[in-house]
2 protein chains.
Amino acid sequence: MVRVGLTTGRLTQAGAELADEVGFDQVTVSALARRFDVKVASLYSHLKNSQDLKTKIALLALEELADRGAAALAGRAGKDALTALANVYRDYAREHPGRYAAAQLRLDPETAAASAGGRHAQMTRAILRGYDLTEPDQTHAVRLLGSVFHGYVSLEMAGGFSHSTPDTQETWPRILDALDALLRNWPAP
Amino acid sequence: MVRVGLTTGRLTQAGAELADEVGFDQVTVSALARRFDVKVASLYSHLKNSQDLKTKIALLALEELADRGAAALAGRAGKDALTALANVYRDYAREHPGRYAAAQLRLDPETAAASAGGRHAQMTRAILRGYDLTEPDQTHAVRLLGSVFHGYVSLEMAGGFSHSTPDTQETWPRILDALDALLRNWPAP
DNA sequence: CAAGTTGCCTAAAGGTATTAGGCAACTGCA
DNA sequence: TGCAGTTGCCTAATACCTTTAGGCAACTTG
């Protein structure tokens, strides 16, 4: 009997790759076992269950995304920062659709608290330092930006924009122009 | 043997209710059969397969959502219309989380073309008649609004906003204020 | 009311999830 | 180097979901 050397980390990594290849909801303990040429039951020494696997992939994706965001944000401010962070999300979703889908997985509160989710909110808030917003409008703006980033990327991935005339290539920078303009002229309550 | 009177329509309707109760991805042919107190195989006279059921629920949700949108939009313009349509999406997601999730299901192109999806884009475009935008900015704005509506509702449903200070109750109208202001002052290219 | 259609059933095969218990391959210590 | 303990992957088994094939009873229609 040859030992393959399974670990939780390798399984999570392979699960993420599998997600990108076949879609996050096709990620299954069985498929992962096949990929390692190992019997299904063997994975249960490293994973609590199927949900656990999905959660670990989601946490990995959130972490990777936060790392990329931090790198992109370094040394930038204002619209430059806005564009950089926005592109991180969009590019990540294009490169790693399965992982991006995983990052949307609903986590239970404790897991979410321990995840990189907080870093994402912090990064969006950091962008707003380049604009003149105070609380509570800053929080509203954080949520707006989060909604646009996530919403746009989701709809684009789902093909929601693919049939109409202006290319989505063209729309994205214009939306960032619009958000920049909005943040510079945030309406009074 | 008593006949229950299954039809595709009744199955779809019940599937939508099931989705709202247990979540869209817990919707299963078996669960639906249990709900009708009928053997699983019996459903396959009315449904092609499990994917077919999910697709039909998605189409139902898109239709219902479009109907509500059309009703809300009637006789309104400008910010009034913007608020009305935005609230349709948000309220629908709160009332029918399973159906709302179903509406995000990725449909194959032919199915999507035959769905109420087009009505949604049309409604968003109708809102913009109250603002002074011409092509291609109008299309960009349609996509922005779609992104915000979908993105905000998704994040709110996922609990993404639940831990921070200003209530999401407070953020939503402020985001609509912001979008209204943005549409009135859309930046030149 | 007979003939045809159709709705729901039984049966069966294949896939995924999960647990329990076993043996072989590693680890570390004498 | 060899032994004891640990651990990794296996076999076996159960349960549930999906899907197809074929049958009989209940409707519908003339």
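All chains are named by letter (A, B, ...) in the order of the sequence lines, taking the proteins before the strands, and each is independently numbered beginning at 1.
For the side-chain contact (heavy atoms from CB on, under 4.5 Å) criterion with Lys54(B), the lone passing option out of Leu105(B), Asp25(B), Val29(B) is Leu105(B).
Protein atom CG of Leu47(A) is 14 Å distant from nucleotide atom C1' of dG8(D), rounded to whole Å. For the pair Arg3(B) CZ and dC27(D) C1', the interatomic distance rounds to 5 Å; values are reported in whole Å. If you measure from atom NZ of Lys39(B) to atom P of dG22(D), you get 21 Å, rounded to the nearest angstrom. Whole-Å rounding puts the Leu6(B) CG to dC27(D) C1' distance at 15 Å. As rounded to whole Å, 14 Å separates atom C1' of dG7(C) from atom CZ of Phe36(B). Taking atom CG of residue Leu43(A) and atom C1' of nucleotide dC10(D), one finds them 12 Å apart after rounding to whole Å.
Proximity note for Ala41(A) (side chain, C-beta onward) versus dT18(C), dT19(C), dC9(D): the nearest is dT19(C). Out of dT18(C), dC9(D), dT18(D), the shortest distance to the side chain of Val4(A) is found at dC9(D).
Each of Asn49(A) and Thr7(B) was matched to the nucleotide of DNA chain C holding its nearest heavy atom; the match closer to the 5' end belongs to Thr7(B).
Considering only side-chain N and O atoms, Ser50(B) lies under 4.0 angstrom from the phosphate OP1 or OP2 of dT18(D). In terms of phosphate contacts, His46(A) brings no side-chain nitrogen or oxygen within less than 4.0 Å of OP1 or OP2 of dT7(D). Ser42(B) has a side-chain polar atom (N or O) that falls below the 4.0 Å cut-off from OP1 or OP2 of dC9(C).
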Next item on the list: For the pair Thr83(B) and Arg76(B), evaluate side-chain contact (heavy atoms from CB on, under 4.5 Å) and give the outcome as yes or no after the intermediate values.
Entry: CA-CA 10 Å; Thr83(B) 304; Arg76(B) 293 191 222 266; over 6 Å; no
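With hydrogens and angles left out, the side-chain atoms of Arg125(B) and Thr139(B) include a donor and acceptor closer than 3.5 Å. A donor-acceptor contact closer than 3.5 angstrom is absent between the side chains of Thr55(A) and Asp52(A). Using modelled atom types and a 3.5 Å distance limit, the side chains of Trp186(A) and Asp132(A) yield no donor-acceptor pair.
Remark: nothing in residues 11-35 of chain A comes within less than 4.0 Å of DNA chain D through any heavy atom.
Side chain of Thr8(B) to main chain of His46(B): a donor-acceptor pair is present (N/O by atom type, distance under 3.5 Å, no hydrogens or angles).
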